[in-house]
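Notes follow once the structure below has been shown.
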2 protein chains.
Amino acid sequence: MDRTARHSETRYGNRPTMKDVAARAGVGLKTVSRVVNSEPGVTPDTERRVQEAIDALGFRRNDSARVLRKGRTASIGLVLEDLADPFYGPLSRAVEEVARAHGALLINGSSAEDPEREQELVLALCARRVDGLIVIPAGDDHRYLEPEIKAGIATVFVDRPAGHVDVDMVLSDSFGGAREGVAHLIAHGHRRIGFIGDQPRIHTATERLRGYHTAMRDAGITVEDGWVSLGSTEPERVRAAAEEMLSGPEPVTALFAGNNRVTVTAVRVIAERERPVALVGFDDIELADLLGITVISQDAAAVGRTAAEHLFRRLDGADHPTARVELPTTLIPRGSGELPPA
Amino acid sequence: MDRTARHSETRYGNRPTMKDVAARAGVGLKTVSRVVNSEPGVTPDTERRVQEAIDALGFRRNDSARVLRKGRTASIGLVLEDLADPFYGPLSRAVEEVARAHGALLINGSSAEDPEREQELVLALCARRVDGLIVIPAGDDHRYLEPEIKAGIATVFVDRPAGHVDVDMVLSDSFGGAREGVAHLIAHGHRRIGFIGDQPRIHTATERLRGYHTAMRDAGITVEDGWVSLGSTEPERVRAAAEEMLSGPEPVTALFAGNNRVTVTAVRVIAERERPVALVGFDDIELADLLGITVISQDAAAVGRTAAEHLFRRLDGADHPTARVELPTTLIPRGSGELPPA
DNA sequence: CATCCTGTTGACAACGTTGTCCAGGGCCTA
DNA sequence: TAGGCCCTGGACAACGTTGTCAACAGGATG
């Protein structure tokens, strides 16, 4: 009896709807909706009957339909470079936590640092009608976002500024951090300092390079050819760059690494050398304390949290002009940046 | 003129629909749909007119409505423990890559190792009608998933088995890995070996402990009270456990760390001691090679990829019985596991 | 010239939910 | 006891899209 009933009412692969629940409970469609959404105006007895039908049928509200009707999806999109990068995990988690506090889910996408893929992802998220969007941009032209923003999708850019479009941004002080790190090396007696960074297309890469140049100029040091290398952060590329700077008749005595991936490779290269080489890296790394690596630390979780909070403030109706927040960095001396020139 | 037109047709915060596009292009609704979906049967001239209207209005298809009509959302859900944990970043990224190849987006959720939150997240994803679900379970009873699975949501459990429900699983060989790691320490002369692991509620934690016990028994060693500690992986807890094992008249000479978080803390504690202590950790860690930490490595990306591939195979209609895949682990000797007893 | 076919197009219903509005019954008041 | 009000419950349209089907034009065929 029970088996037969269930079989005829709920075909597998074909979920029961509110209509099915209503039929089984002997009430109207809207009454089921009221129970499901805990709306007032239902007698306890009716509610019980409906609830029983829901449990018996294994009904679950279809949020797709709900979204269509209500206009809000209670979800936000996060487009970043690579979730496997240890800098983005905590950032994403922080965003998720804020979203959760606002009852929203998080859709993640990795652009793999490819502008085309970034656009593809962002537009797919817009098609899903996410309520808001947090983007760590790969490209430098974001005019394609204009219609979406006008249409009401709140947007915050993170870590790097947006190109040709007016949105909220949350950035780290790349310039100031790099300048401080390089000045730190100079203060410990270095003059021949190498800089290895990410591709010049990427805003943080050029900002950090600018910090390097400023620190050098402030100290009256002329940067020689061969001390600066921008490009992919593939280990092979970084290794080659580092080895070249550390060889020759007049090698550099210290390295500044433009981000966490560069730092990791730089540490490996330096470890293979006999002559000690000073190192300061941008971004903190797990276990860096044990290895004694001096870093410029930016708080990834704080960046994510700040961005998400801005986003939801906008979603909750705030209509202030677009803001540009810059979060400070911290120099953490652990030994590698305090070595004297060899 | 242009401004007026745009303003009257497209109110801000109220996106144009296919109906609007149809009106502007002077065609029927369905024709717009055909153009948007690149369906055949539209003359080039009509297509051009529709495309112009689309561009002029900044139209973008509403995938919520599409989903409602088509029944598939082209999205999958991934519930894991904590995206900020370096083990899950690469796993999630691997899942995302497979999803992308199948045209699907990924919705992430962190359970924070809380069974209630896990269930809440999973059910929210089901309400969104994700096509499939990859779950790294926090709880041990998943009967709540039964109606969802019956209703057609493909599900794969990862890293830990599902409780009381028949689904595909992709696991690492926790037992075998731990046994191998402990045997490795024994082979290097250790007999007093401590085990520090995660909460016993977690399947991998008890499996690894089982591997420890088996290796010890195989070597004819009786495990003493105080050599085993299971519990939270908070640094304070792990530190206390490690310090206790390493103190007293007869301290352990080697530690086996049950996961990456435990390993990190264990390395710190050992570094503070004068007497060398051997260490093998479960899970690889960035820079572990430089620190010379011997580990049992599981390939997080491979786990994620395998799980996602299973999921999509099922979504693509395969109807084989539920499978249970167990991926092997690798012991990577780097020094810390080869130290002799002090 | 009638018929058939093919290829393009649009009208309409349906997906599952929620908002609006109205009906009916019970209870209170005069 | 009649009138009015409140409370509960249901009928119906709408959200924006896609699948079905029928209409129509134009060319080929008999």
Side-chain angles (χ1 to χ4, degrees), chain A residues 9-11 13-51 53-54 57-74 124 126-129 131 151-152, chain B residues 9-11 13-51 53-54 57-74 124 126-129 131 151-152:
Chain A
E9 286 168 14
T10 326
R11 282 154 310 171
N14 206 347
R15 304 200 65 135
T17 69
M18 284 193 179
K19 205 169 136 193
D20 301 324
V21 175
R24 167 140 186 166
V27 300
L29 181 54
K30 180 66 209 204
T31 301
V32 177
S33 171
R34 274 191 269 261
V35 171
V36 169
N37 296 294
S38 313
E39 284 172 30
V42 181
T43 49
D45 184 58
T46 309
E47 174 164 359
R48 190 185 43 73
R49 264 169 38 234
V50 171
Q51 195 57 56
I54 288 177
L57 296 176
F59 166 81
R60 185 164 316 282
R61 183 179 63 197
N62 184 330
D63 274 355
S64 294
R66 173 168 224 253
V67 154
L68 179 58
R69 190 60 234 247
K70 304 207 79 154
R72 278 219 171 178
T73 56
C126 290
R128 305 249 162 164
R129 298 292 189 270
D131 298 331
Chain B
E9 286 168 14
T10 325
R11 281 156 311 171
N14 206 347
R15 304 201 65 136
T17 71
M18 285 194 180
K19 205 169 136 194
D20 301 325
V21 175
R24 168 140 185 164
V27 302
L29 181 53
K30 180 66 209 204
T31 300
V32 177
S33 172
R34 274 192 269 261
V35 172
V36 169
N37 295 295
S38 314
E39 284 171 30
V42 181
T43 49
D45 183 59
T46 311
E47 174 164 0
R48 189 185 42 74
R49 264 168 39 234
V50 171
Q51 195 58 55
I54 289 176
L57 296 176
F59 166 81
R60 183 163 317 284
R61 182 178 65 197
N62 184 330
D63 275 354
S64 293
R66 172 168 225 250
V67 155
L68 179 57
R69 191 59 234 251
K70 304 209 79 154
R72 278 218 170 178
T73 56
C126 289
R128 305 251 161 161
R129 298 292 189 271
D131 299 331

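Values in this document were obtained by computation on a predicted structure and should not be read as measured data. In what follows, every chain begins at residue 1, and chains take the letters A, B, ... in the order their sequences are listed. Values below: all heavy atoms of this structure, side chains included; hydrogens, waters and symmetry mates excluded.
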Heavy atoms under 4.0 Å, any strand shown: does [X] hit a base, just sugar-phosphate, or nothing?
X       : value
A:Val42 : sugar-phosphate
B:Val36 : nothing
A:Val27 : sugar-phosphate

Spacing of [X] atom [atom1] relative to [N] atom [atom2], expressed in whole Å:
X        : N      : atom1 : atom2 : result
A:Lys19  : D:dC12 : NZ    : P     : 13 Å
A:Arg66  : C:dT18 : CZ    : P     : 5 Å
A:Asp45  : C:dG26 : CG    : C1'   : 16 Å
B:Lys30  : D:dT20 : NZ    : C1'   : 9 Å
B:Leu68  : D:dG16 : CG    : P     : 12 Å
B:Asn37  : D:dT20 : CG    : P     : 14 Å
A:Arg129 : C:dT17 : CZ    : P     : 21 Å
B:Met18  : C:dA13 : CE    : P     : 19 Å

Indicate yes or no for a side-chain donor-acceptor contact from B:Thr73 to the backbone of B:Val67 under 3.5 Å, with no hydrogens or angles considered. no
Ignoring hydrogens and angles, tell me if any N or O in the side chain of A:Asp131 forms a donor-acceptor pair with the backbone of A:Arg72 under 3.5 Å. no
Can you tell me which nucleotide in [options] comes closest to the side chain of [X]?
X       : options                : answer
A:Glu39 : D:dG16, C:dG19, D:dT17 : C:dG19
A:Arg69 : C:dA11, C:dG19, C:dT9  : C:dG19
A:Lys70 : D:dG16, C:dG19, C:dG16 : C:dG19
A:Leu29 : D:dG10, C:dG10, C:dT17 : C:dT17
B:Phe59 : D:dT17, C:dT18, D:dG10 : D:dT17
A:Ala65 : D:dT18, D:dG16, C:dT17 : C:dT17
A:Asn62 : C:dT17, D:dG16, C:dG10 : C:dT17

Most 5' of B:Arg60 and B:Arg34 on DNA chain D, judged by nearest nucleotide: B:Arg60
Taking all non-hydrogen atoms of both residues into account, name the closest pair between [X] and [Y] and its distance.
X       : Y       : value
A:Arg61 : A:Asp63 : NE-OD1, 3.1 Å
B:Val50 : B:Val32 : CG1-CA, 4.2 Å
A:Phe59 : A:Thr17 : CE1-C, 3.6 Å

Is the shortest distance from a Lys or Arg side-chain nitrogen in B:Asp45 or B:Arg49 to a carboxylate oxygen in the other one below 4.0 Å? yes
Would you say [X] places a side-chain N or O within less than 4.0 Å of OP1 or OP2 belonging to [N]?
X       : N      : result
A:Arg61 : C:dT18 : yes
B:Ser33 : D:dT17 : no
A:Thr43 : D:dG9  : yes
B:Thr46 : C:dT9  : yes

Going by atom types only, do A:Arg128 and B:Asn62 share a side-chain donor-acceptor pair under 3.5 Å? no
Among residues at least two apart in sequence or on other chains, which ones pass side-chain hydrogen bond (donor to acceptor under 3.5 Å, both in side chains) with B:Arg60? A:Glu148
Rounding to the nearest 10°, end axes of the helix from C:dC1-D:dG30 to C:dA30-D:dT1 built from five pairs each make an angle of 60°
